[in-house]
Amino acid sequence: MTTRVIIVDDQAMVRAGFAALLAAQSDIDVVGEAPDGVQGVELSRRTRPDVVLMDVRMPEMDGLEAARRLLAPPLGVTHRPRVLMLTTFDVDDYVYEALRAGASGFLLKDAPPADLIAAVRVVASGEALLAPSVTRRLIADFARQRPAARGKPALRLKALTERETEVLTLVARGQSNNEIAQTLVLAEQTVKTHVSRVLTKLDLRDRAQAVVFAYESGLVTPGE
């Protein structure tokens, strides 16, 4: 199955480089490029990609607002792509907010080419959060600095079984399905089923949102 991708970045050379790299992959089809958030949202609505590579800082509309519009579309718009934020460490605040809004992960703009290709495939599959150790640390830092009101998220945890809560805790600590299976002595397929149930019960889109939820509900605390 081919993954359809659009690239939204205000630097023409970045767009061209990413497009050439991704288009060379037999399972990835680059269906468009845009120089800012406004055009990126319009392009996404028109081309309906599976994955949007979204720069954080852009003119007209930044990547955070564009991600919000794509992931929480207005009534009548049913398409919601997966969004992969392109960033540098100096904009971690934006990345955290993007993850809260539903972005599936982030990638450093100077990452090796192989990481970019793998990132698109991972986000398209929805199986795992990118760079879990780095992302987990980032989320922990901001959860520590600006803890959210935890009443409602904590109440939602009651919908989970004890095993599902264990699985969510390990997801938040950055473990893959295979690692969780080894930790809990379960079959990997069983772990996948638990993860799916957790996402459904908590009304979360993917593992990225699950990590954010685990911190904001107090299930996992910074520094653990």
Side-chain angles (χ1 to χ4, degrees), residues 50-52 64 67-85 93-106 122-224:
D50 301 301
V51 176
V52 176
L64 176 57
R68 285 192 183 116
R69 295 192 184 193
L70 291 178
L71 297 168
L75 220 56
V77 177
T78 57
H79 178 251
R80 291 202 310 169
R82 296 191 178 277
V83 177
L84 174 59
M85 303 302 295
D93 194 5
Y94 287 89
V95 176
Y96 176 71
E97 293 301 335
L99 290 173
R100 290 188 68 190
S104 294
F106 75 94
V122 168
V123 168
S125 73
E127 286 297 321
L129 179 66
L130 297 174
S133 61
V134 178
T135 304
R136 184 160 36 90
R137 185 170 65 246
L138 179 155
I139 293 172
D141 285 345
F142 282 92
R144 184 185 299 111
Q145 293 170 24
R146 299 176 312 185
R150 291 183 172 175
K152 289 183 179 178
L155 283 175
R156 287 165 65 189
L157 284 173
K158 294 182 178 180
L160 303 183
T161 66
E162 183 177 349
R163 178 62 84 191
E164 289 165 352
T165 302
E166 289 178 322
V167 169
L168 175 58
T169 300
L170 296 176
V171 167
R173 289 176 178 160
Q175 290 195 15
S176 66
N177 286 344
N178 181 260
E179 290 169 335
I180 295 172
Q182 293 181 37
T183 300
L184 298 180
V185 195
L186 297 171
E188 187 171 352
Q189 186 57 50
T190 301
V191 172
K192 288 182 179 179
T193 299
H194 284 311
V195 171
S196 178
R197 287 175 179 166
V198 167
L199 297 179
T200 299
K201 286 184 177 181
L202 299 179
D203 193 25
L204 302 172
R205 186 172 184 202
D206 54 26
R207 295 171 80 105
Q209 285 196 321
V211 174
V212 173
F213 178 89
Y215 277 99
E216 294 196 332
S217 67
L219 178 65
V220 177
T221 57
E224 278 191 326

Heavy-atom pair of closest approach, residues Ala210 and Leu204: CA-CD1, 3.7 Å
Indicate yes or no: at least one non-hydrogen side-chain atom of Arg69 is less than 4.5 angstrom from one of Val77. no
Tell me the closest heavy-atom pair linking Val220 and Ala172, and the distance in Å. CG2-CB, 3.7 Å
Minimal non-hydrogen separation, Met85 against Ala67, with atom names: SD-CB, 4.3 Å
First locate atom CD of Glu216, then atom CZ of Arg156, and finally report the distance between them rounded to the nearest 0.5 Å. 10.0 Å
Test item: Gln209 and Leu71 side chains (from C-beta on) under 4.5 Å apart, heavy atoms: no
Separation between OG (Ser125) and CZ (Arg82), nearest 0.5 Å, reads 7.5 Å
Taken in chain and number order and not counting sequence neighbours, the residues that satisfy side chain to side chain contact (heavy atoms under 4.5 Å, CB included) with Gln189 are Lys192, Thr193
Roughly how far, to the nearest 0.5 Å, is CD of Gln182 from CD of Glu179? 7.0 Å
Report yes if some heavy atom in the side chain of His194 is under 4.5 Å from a heavy atom in the side chain of Leu184; otherwise report no. no
Got Ile180 and Leu186 here, is their nearest side-chain heavy-atom distance under 4.5 Å? no
Among residues at least two apart in sequence or on other chains, which ones pass side chain to side chain contact (heavy atoms under 4.5 Å, CB included) with Leu160? Leu157, Glu164, Thr165, Leu168, Val198, Lys201, Leu202
At their closest point, which heavy atom of Ala181 faces which heavy atom of Ala187, and how far apart are they? CB-C, 4.2 Å
Value for CG (Asn178) from CD (Glu188), rounded to nearest 0.5 Å, stands at 5.0 Å
Of all heavy-atom pairs linking Arg80 and Pro73, the shortest is CD-CD, 3.5 Å
